[in-house]
Amino acid sequence: MEMTKEERFGIACEKVIGKHARQNDRVGTLGEKTLHAVLKHYLEPDAEKHEIKCGSYFADVLNEDGIFEIQTRNFGKLRPKLDYFLEFSDVTIVHPIPKLKYVCWVNGETGEIAEKRKSPKKGNLCDLYREMVGLKNYIGHPRLHFLFLELELVEYKLLDGWSKDKKKGSTKIDRIPSALLGEIRLSAKEDFRMMIPEGLPERFMTKDFKKKAHASDKGASAGISLLKNLGFIRQVGKEGRAYLYEVVNSDENCRAE
């Protein structure tokens, strides 16, 4: 019987992390690349197909399905690679979304690890506006695909921040995944309609977009820029000094194309 995606992900976690790491025996020794390594083994169990040189670049994974690039942040830095890779191969950008996250605080002086606490924040596609806007002109390329992996993970952070409780501005030690909760695959331009926040008024301002997307000011601005560039929203006027927008339905997009 063929393994499920969830089972394959569990095997990748076991291979990279091991039983002792999940019991906190090796926290901090796996380095910043733990999550990256797990994702590589999930996408391609054969390590011989990892870190393959292509021209002057290295692909995280290269197999019969094309090139996979795992990017946890700074999507815009991929542009030079994409310009080269897309000339000859399908490319899938893979990004983890912490759908269920626990946080463990680590005392740097004693090494003591506090009991993990569930984070109230649940990751979603709207969190990616500032990343995706850096690739807005690549979206819809026939060889470019996105794979967002919804994960359960534990984030270990050092109590070294600037606030009184030493949590704000703290250092992230590691992120250790434990389960795959879902996958979101986006390829065709129209797939990215999923990034429109739910519940927007018929005509909305940036503040409305920000509220529905649960975004920061910069995140909301990036989201509007991204969705305008894709033709999914348009500016329709002003209310005072604020711009008004509306969602362009899919039928109008089809007629325009």
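We find the CZ-CG distance between Arg185 and Asp191 to be 12.0 Å, quoted to the nearest 0.5 Å. Of the inter-residue distances, the one linking Leu151 atom CG with Ile176 atom CD1 reads 13.0 Å to the nearest 0.5 angstrom. Atom-to-atom distance recorded for Leu135:CG and Leu82:CG is 6.0 Å, nearest 0.5 angstrom. Taken from CD1 in Ile173 to OH in Tyr156, the straight-line distance is 9.5 Å, to the nearest 0.5 Å. The structure places CG of Leu100 at 7.5 Å from NZ of Lys122, a figure rounded to the nearest 0.5 Å. The structure places CG of Leu43 at 8.0 Å from CZ of Arg8, a figure rounded to the nearest 0.5 Å.
Between Asn229 and Lys136 the shortest heavy-atom distance is ND2-O, 3.3 Å. Closest approach of Thr34 and Val16 over heavy atoms only: O-CG1, 4.1 Å. Looking at every heavy atom in both residues, Phe75 comes nearest to Glu131 through N-OE1, 3.0 Å. In this structure, Pro96 and Leu35 approach most closely via the heavy-atom pair CG-CD2, 3.7 Å. In terms of heavy atoms, Lys15 sits closest to Pro45 at NZ-O, 3.4 Å. Considering every non-hydrogen atom in both Cys104 and Ala114, the closest pair reads SG-O, 3.7 Å.
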Worked check of side-chain contact (heavy atoms from CB on, under 4.5 Å) between Glu246 and Arg234: CA-CA 6 Å; Glu246 67 180 12; Arg234 62 187 167 207; 2.8 Å; yes
task = Verify side-chain contact (heavy atoms from CB on, under 4.5 Å) between Lys121 and Lys101, making sure each step is shown before the conclusion.
result = CA-CA 8 Å; Lys121 184 172 174 57; Lys101 184 170 78 172; 5.8 Å; no
Going through the checks in order, is the side-chain contact (heavy atoms from CB on, under 4.5 Å) test met by Thr206 and Asp217?
-> CA-CA 8 Å; Thr206 301; Asp217 289 338; over 6 Å; no
Check step by step if side-chain contact (heavy atoms from CB on, under 4.5 Å) holds for Leu200 and Tyr245.
CA-CA 10 Å; Leu200 285 172; Tyr245 303 94; over 6 Å; no
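Of the possible polar contacts, none joining the Asn107 side chain to the Glu112 backbone as a donor-acceptor pair under 3.5 Å is found. The backbone N or O of Asp127 sits nowhere less than 3.5 Å from a side-chain atom of His214 that would complete a donor-acceptor pair. Between the side chain of Lys189 and the backbone N or O of Leu230, at least one donor-acceptor pair lies under 3.5 Å. No donor-acceptor pair closer than 3.5 Å links the side chain of Glu190 to the backbone N or O of Arg193. A donor-acceptor pair is defined here as one N or O able to donate and one able to accept, closer than 3.5 Å; no such pair exists between the side chain of Lys40 and the backbone of Tyr42. The closest donor-acceptor contact from the side chain of Ser170 to the backbone of Lys167 lies under 3.5 Å. With His95 contributing its side chain and Gln71 its backbone, the two residues share a donor-acceptor pair below 3.5 Å. Distance alone, capped at 3.5 Å, is enough to place a donor-acceptor pair between the Lys81 side chain and the Phe58 backbone. Side chain of Glu152 to backbone of Lys99: no donor-acceptor contact under 3.5 angstrom is found.
Residue Lys53 qualifies as enclosed at atom NZ: its count of foreign heavy atoms under 6.0 Å is above 12. Summarising the local packing, NZ of Lys238 is surrounded by more than 12 heavy atoms from other residues, nucleotides or ligands at distances under 6.0 Å.
A single hydrophobic cluster is not seen to contain both Val236 and Ile196; linkage of ILVMFWY side chains at heavy-atom distances under 4.5 Å, directly or through other members, places them apart. Ile11 is not connected to Leu149 by any chain of hydrophobic side-chain contacts under 4.5 Å among Ile, Leu, Val, Met, Phe, Trp and Tyr, and they are in different clusters. Taking hydrophobic clusters as Ile, Leu, Val, Met, Phe, Trp and Tyr residues chained together by side-chain heavy-atom distances below 4.5 Å, Phe192 shares a cluster with Met194. Linking ILVMFWY side-chain heavy atoms closer than 4.5 Å, directly or via other members, places Phe232 and Leu244 in two distinct hydrophobic clusters. Cluster annotation: Met205 and Ile224 are assigned to distinct hydrophobic clusters (Ile/Leu/Val/Met/Phe/Trp/Tyr, side-chain heavy-atom contacts under 4.5 Å, transitive).
Between Ser178 and Cys13, every side-chain heavy-atom pair lies at or beyond the 4.5 Å cut-off. Side-chain contact between Ile184 and Phe146: absent, with no pair of heavy atoms (C-beta onward) separated by less than 4.5 Å. When side chains are defined from C-beta on, Ile139 counts as touching Leu226, because their heavy atoms get closer than 4.5 Å. Taking the side chain as every heavy atom from C-beta outward, Asn63 and Ile52 never approach each other to under 4.5 Å. When side chains are defined from C-beta on, Arg175 counts as touching Pro98, because their heavy atoms get closer than 4.5 Å.
Val103 belongs to a hydrophobic cluster with Trp105, Leu159, counting contacts under 4.5 Å between side-chain heavy atoms of Ile, Leu, Val, Met, Phe, Trp and Tyr, direct or through other members.
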Atom pairs and distances, side-chain donor-acceptor, residues 83-93, under 3.5 Å, sequence neighbours left out:
unit_1 : atom_1 : unit_2 : atom_2 : d
Asp83  : OD1    : Tyr138 : OH     : 2.8
Asp83  : OD2    : Tyr138 : OH     : 3.4
Asp90  : OD2    : His145 : NE2    : 2.7

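A salt bridge links Glu64 to Lys49: at least one charged side-chain nitrogen sits closer than 4.0 Å to a carboxylate oxygen.
The ring pair (Phe, Tyr, Trp, His ring centres under 6.0 Å) check on Tyr129 picks up Phe209, with sequence neighbours excluded.
Relative to the ring axis of Tyr102, Lys116 places its NZ or CZ within 45° and under 6.0 Å from the centre.
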